[in-house]
Amino acid sequence: MTAYIGTATSRVDGRDKVTGAATYAAEYNAPNLAFASVVTSTIAKGRIVRIDSSEAMKVGGVIAVLTHENRPAMADNDEAYKDDVAPEGSPFRPLYDNRILFSGQPIALVLAEASETARFAASLVRVDYDEQPHVTDVYRARDDAFALDVPAKPRGDAAKAFAAADVRHDAEYFIPIEHHNPMEPYASTVRWDGGGKLTVYDKTQGVQNVQHYICGIFGMKPQDVRVMSPFVGGAFGSGLRPQYQVVLAVLAARALERSVRVVLTRQQMYGLGYRPAMIQKIRLGARADGTLDAITHDAITVTSQFEDFHRHETTWSGLLYSSATAAYAHKLARLDLATSCDMRGPSATTGVHALECAIDELAVALQLDPLELRLRCYSDRDQTSGLPYSSKNLRECYRQGAEAFGWDKRNPVPRAMRDGSELVGWGIATGVWEALQVPISVRITLSANGHAEISCATSDIGTGTYTIMAQVAADVLGLPLDSIDIRLGDSTLPQSPVEGGSWIAASVSNGIVTTGDAIREELLRLAQNIPGSPIAGTQPGDVTLAGGMIVNRKDARRRVSIADAMRHGGVDRIAQEKTTNFPNDGAHAHNTHSAIFAEVKVDEQLGIVRVTRIVSAVAAGRILNPKTAHSQIMGGVVWGIGVALLEETLIDHHFGRIMNANIAEYHVPVNADVHDIQVIFVDEQDDIVNPLGIKGLGEIGIVGVSAAIANAVYHATGKRVRDLPITLDKLFN
Ligand code: MOS
């Protein structure tokens, strides 16, 4: 059943993407389309005393300026604004009232016959504020941070074990706020379909989430709001929750009774969610032989004043390594900013960074090779739950990664390796992520001519979902890849949660198998209804679909063509829709792992760090498509370079305003920053996690990369930089 599964397959949507045939949210057209531009607040906290749109309204082509004073009705209770993945708290409501909760908050929407007109007119909206004191600095807010419940139970007495340890490491690590910069901006085109019905083309990771959300806010019926997002230009968590522009676009379409497009500028995208800044304190206590006796992980992360977004940053530390004791503490600090949000590898990109830097520092203190220390603390069980893994081949990641990298040639002494005028450093880190899966529904429609349509309301956020769905369906139905059409990104299709957490590949693939089983059974019934059927008496479990035939597995000569079975049954197509659940057996932990080896070259005179080589060895169950999987991991590694060396949202705390809200001054890795990246997938057969043994790959690629680089910088320079990003000023002193 694996002609396509496991085969390097080019993206089935690749041609559409590179030729421009793939259409994104801001590219849909509609007759009589109005264009909108958002006006945002310039203060971080306070109230709007007066908002004057009169100059903007005088500009030719301006249709309307919507503010909290003249907008149409919206729901007035918190519940209505809770999307499927909303955290605790009171969700932000754009244009709701005169309160200012963060700088960059939308406060008016200018609608015009052309986007340039709207944008110019937006610059003429005058606002007077009653300003109040704000806090945007985590170091000022940390004393007021409040404690969160950590789901992992502590084990043993970590404080006592730490105090009694032969060798101790105790340090604080800092990661700044980072903002999402997907290629596709946040955008919505709302088509007014008449009679109050809307089609919403939105940049989102979850069309049905947006549909529920819009229905809640505007009291609309689901059948009157269709949300579409067939292509997404990168999202990485930024599209898990609906963004405010979709509310503004629907609000305006209802006010004008015409189609409306709202596109945020790159600068305005900094007024939405971000990776929370994090202050982490890690304490490790070990015996002289490297046995870990104590791990404590204390963290402070940040959110807005109105919602409590957080993940479980500290718990990775207790899970990964064998340690007799572990303890965690997590506090949340409120800032006058938008609510923080998920961003690729949320909680692990930051939490595992600190742990993996700390392990490296402990290895130095123990005078042990950092790979050897990790092997001595290796655990075949989830240390928190005590459960064995459904599969864990991290040991092989270490082995194959080290071999490919040449780790055994490492001189352990810092500053000992050079290449001409540059210092060379080699670092290692471990990555870990969850293998999650979610209930999902899939419909398969199979035609007598051997064509199949697979549909599900999931997204393809650039990860390759279209392609892996087609591969799995082709194998399940025994058809060639080009006989499969995939439909997704449409709220009218069978139920799917948001695409995030690396859970869709496993979920939708196994979902296709479930629905494929139902299709096969129906075909068998049809085939057995033929008088003198060659597969009479064959049980459903003994039949397979191959080459357009229904075939008895045990005797391949007993077969009926799908076309004949349908023709005899008087149907030209059959359709099945099934929901797949993933019950947890409660007896296993499900995780993916990686070992990352990094080489940096540092020019000490200039303070410049180049990441010249990375080997990432990944154990993530069955790899559906080595080609798209490789891209996922490579993208994560590139982003890890950004986390380590470049990404940092800089806030002027006097104004409570982001200073580098653009991709000229907010740095991300560009081609010149990316050198040799090698991705290795180690074999990891998993018969427990789900029938296909798939674990998901979206997030694991980034986790640990920044630590491997930071550890390599230490090895090159002898300088331990504990606050990211590692910029040249930090290397000079
Ligand atoms: Mo995931 S945080 O949606 O990349």
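Whatever order the structure lists them in is the order used to number ligands and atoms, beginning at 1.
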Next on the checklist: Which label fits H310 and H312: parallel for a plane angle under 30°, tilted from 30 to 60°, or perpendicular past 60°?
Outcome noted: perpendicular
Sorted by chain and number, sequence neighbours left out, side-chain hydrogen bond (donor to acceptor under 3.5 Å, both in side chains) with Y466 holds for none
task = Would you please classify the geometry between the F231 ring and the Y24 ring as parallel, tilted or perpendicular, with 30° and 60° separating the classes?
result = tilted
Residues at least two apart in sequence or cross-chain that pass side-chain hydrogen bond (donor to acceptor under 3.5 Å, both in side chains) with R266, listed by chain then number, are N181
For ligand 1, protein residues within the heavy-atom limit of under 4.0 Å are Q205, F236, G237, L240, D342, M343, R344, P346, G500, G501, E699
Sorted by chain and residue number, the ring-ring contact (aromatic ring centres under 6.0 Å, His included) partners of F681 (sequence neighbours excluded) come out as none
I want to know whether H179 and Y274 have ring centres closer than 6.0 Å.
yes
